[in-house]
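Pasting in a structure now, in structure tokens, and then I'll have a few things to ask.
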Amino acid sequence: MRVESVDLIYVAMPDVLPIGDGSQDALLVRVRAGGCEGWGQCEASPLACIAAYVTPLSHSACRPVGDAVLGAPIDGPADIAAITRRVRTESFDLLQAPHMLSGVDIALWDLLGRREGAPVWALLGAKRAYPKVAYASALFGSSPEQTEAIARRIRSQGFRAAKFGWGPYGTSAPVDRALVMAARDGLGPEVRLLIDAGTIFVTDVEAARARLDALIEARVEFFEEPFTTHALSAYRRLAAMAAVPLAAGEGSHDPEMAANLIEHDVRVIQIDAGRVGGITAAAEVATRARERSIRFVNHTFTTRLSLSASLQAMAGIEQFDLCEYPLEPSEMATAITDDVFGVNAAGLIEFPDAPGLGVSMNAAAVERYRVPVEITVGGRRLTGGSP
Ligand SMILES: [Mg+2]
């Protein structure tokens with residue numbers, strides 16, 4: 001069969017706020033082929049991704065992503081890999097191409113799984129999907145008191161691990177210490193604590209170093225993204241002085257970026273299937289991480305569709321036992337799918353046996369939050385998908 005249609009659907013909350021919450025809008029990708037349908041999601045600016053899909057050709061290495069997708073054969077994983085190769089070689093001057101490819105790749109895996117009646121992790125070769133310890137992923141409160149209250153709530157919900165990040169973190173070493181200690185106080189001594197600096201120190205190793213003592217004192221299990229994804233030497237320098245493992249990788253746009261982080265002493269590689277090039281690329285990183293005894297953790301902060309996509313590459317690998325679980329996605333992100341990934345009484349999430357990504361879209365909710373997009377160039381309409 002061949003890819004017959006690709007619809008790009010922009011959904012958003014009525015008001016998108018300048019906070020570290022990536023669930024306020026989304027670009028959904030719906031593919032159809034041979035009577036089957038699959039859904040994916042890009043983790044990036046929806047309109048920038050749409051542009052990458054439809055933009056007119058600039059030159060031979062700057063083609064629209066859509067050129068590699070529509071009409072392409074899609075009978076098995078090798079066909080998805082062929083689309084990936086084509087986008088990487090024919091669209092590499094188009095910086096949003098990996099994000100756009102990610103949504104397409106995820107949708108194609110979902111479609112193949114639905115056609116085969118098998119979960120995506122099984123198509124990837126896994127014999128079974130191992131339950132994962134869900135870490136509640138939350139933003140710091142605006143004060144230590146608010147942070148402690150959020151942490152208490154997380155503990156009362158039965159989570160065995162929690163991550164706090166963004167918000168006021170990075171203000172000063174004393175403020176950051178108070179935030180981290182408040183998170184620990186609220187979680188109590190048993191719940192595992194992770195801290196996400198949200199790249200706030202950019203490349204400043206000394207600023208990040210000044211935060212380490214508080215992390216040790218609060219028994220933080222990993223320190224995530226003190227620096228931007230490309231700040232490789234900063235990661236290596238901080239790793240040499242830090243007793244807490246460094247985590248990074250959610251900004252990786254291809255497996256090579258993740259590999260570079262691993263080479264520069266990042267010990268927890270965090271991959272977002274909606275950015276890295278899809279499930280195909282995420283699986284490549286997971287394999288590499290396993291070979292190097294590096295921990296692989298999914299990154300996601302948005303819908304259950306995205307959560308499922310981000311988990312597929314690690315589902316069948318038992319030692320990758322910790323997963324990011326968005327605590328309070330936006331109303332839109334919650335509404336547009338069903339919720340098949342509930343956290344059980346043991347603080348674990350289990351994988352549904354349903355085919356594909358195992359997530360059903362709520363068509364009425366998608367329509368409710370859909371923002372129509374029309375791009376016209378020289379009188380020619382470049383967009384035209386409808387849900
Ligand atoms: Mg993060």
Side-chain angles (χ1 to χ4, degrees), residues 1-9 11 26-43 53 65-66 68-84 100-130 272-274 276-283 286 298 300 302-316 333 335-342 349-367 370 385-387:
M1 57 186 182
R2 289 184 178 271
V3 178
E4 290 153 15
S5 69
V6 178
D7 295 313
L8 306 180
I9 301 160
V11 287
L27 182 65
L28 303 173
V29 181
R30 182 182 60 195
V31 294
R32 286 181 172 148
C36 298
E37 184 174 290
W39 287 80
Q41 182 177 336
C42 305
E43 180 50 46
Y53 191 86
V65 171
V69 184
L70 202 60
I74 183 70
D75 294 306
D79 293 320
I80 303 180
I83 290 172
T84 293
M100 186 61 245
L101 169 66
S102 298
V104 169
D105 177 285
I106 292 165
L108 290 172
W109 278 104
D110 187 38
L111 180 144
L112 285 183
R114 288 171 187 274
R115 193 192 63 170
E116 301 293 324
V120 170
W121 52 260
L123 296 188
L124 288 167
K127 299 277 182 291
R128 59 168 291 197
Y130 295 90
D272 195 317
V276 76
I279 292 168
T280 306
N298 67 311
T300 183
T302 174
T303 67
R304 295 299 186 244
L305 180 69
S306 172
L307 172 65
S308 178
S310 75
L311 288 171
Q312 298 300 323
M314 59 185 277
I336 63 173
T337 71
D338 60 0
D339 188 2
V340 288
F341 286 101
I349 64 167
E350 292 175 276
F351 289 78
D353 284 332
L357 296 175
V359 174
S360 298
M361 304 304 293
N362 181 326
V366 169
E367 184 56 30
R370 187 170 76 94
S386 58

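If you read the sequence from its start, that first residue is 1, and numbering goes on from there. Heavy atoms only: backbone and side chains are in, while hydrogens, waters and symmetry mates are out.
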Any side-chain heavy-atom pair of I83 and L101 under 4.5 Å: yes

Just wondering, do M361 and L305 contact through their side chains at under 4.5 Å, heavy atoms? yes

Residues I9, L27; criterion side-chain contact (heavy atoms from CB on, under 4.5 Å); working and verdict: CA-CA 6 Å; I9 301 160; L27 182 65; 5.7 Å; no

Atom CD in E4, atom CD1 in I74: separation rounded to 0.5 Å? 11.5 Å

side-chain hydrogen bond (donor to acceptor under 3.5 Å, both in side chains) partners of T280, counting only residues at least two apart: D105, W109

How long is the span from the CE atom in M314 to the CH2 atom in W121, to the nearest 0.5 Å? 14.0 Å

Any heavy-atom pair between the side chains of E37 and R30 that's under 4.5 Å? yes

Nearest 0.5 Å, please: how far is SG in C36 from CE in M1? 5.0 Å

Side chains of M100 and L8: closer than 4.5 Å at any heavy-atom pair? yes

Among residues at least two apart in sequence or on other chains, which ones pass side chain to side chain contact (heavy atoms under 4.5 Å, CB included) with A286? F296, A313, I317, F320

Taking all atoms of both residues into account, what is the closest heavy-atom pair of P355 and G113, and its distance? CB-O, 3.5 Å

Between V3 and L108, is a side-chain contact (heavy atoms from CB on, under 4.5 Å) present by the stated rule, with each step listed? CA-CA 9 Å; V3 178; L108 290 172; 4.0 Å; yes

Supply the atom-to-atom distance S308 OG to N298 CG, rounded to the nearest 0.5 angstrom. 10.5 Å

For Q41, enumerate each residue passing the side-chain hydrogen bond (donor to acceptor under 3.5 Å, both in side chains) test, keeping only those at least two apart in sequence or located in another chain. T302, T303

For residues 73-82, which residue pairs qualify under salt bridge (charged side-chain N to carboxylate O under 4.0 Å, His left out), counting only residues two or more places apart or in two chains? D75-R115

Hey, what do you get for CD1 (I106) to CG (D110), rounding to the nearest 0.5 Å? 9.5 Å

Sequence neighbours left out, what pairs pass side-chain hydrogen bond (donor to acceptor under 3.5 Å, both in side chains) with at least one residue falling in residues 349-359? N344-E350

Distance-minimising heavy-atom pair for Q312 and L357: CG-CD2, 3.8 Å

Can you tell if the side chain of V120 reaches within under 4.5 Å of the side chain of L124, non-hydrogen atoms only? yes

Heavy-atom nearest pair, D272 first then E43, reads OD2-CG, 3.3 Å

Within-4.5 Å side-chain heavy-atom neighbours: V6 and Y53: yes

Ignoring hydrogens, what is the shortest heavy-atom contact between A118 and L123? Give both atom names and the distance. CB-CD2, 4.1 Å

Would you indicate whether the side-chain heavy atoms of W39 and T337 approach each other to under 4.5 Å? no

Nearest 0.5 angstrom please: I279 CD1 to S102 OG, how far? 10.0 Å

Closest approach of G316 and Y130, non-hydrogen atoms and distance? O-CE1, 3.4 Å

Going by the rule side-chain hydrogen bond (donor to acceptor under 3.5 Å, both in side chains), which residues pair with T300 if we only count those two or more places apart in sequence or in a different chain? S306

Heavy-atom closest pair, residues A273 and A309: CB-O, 3.7 Å

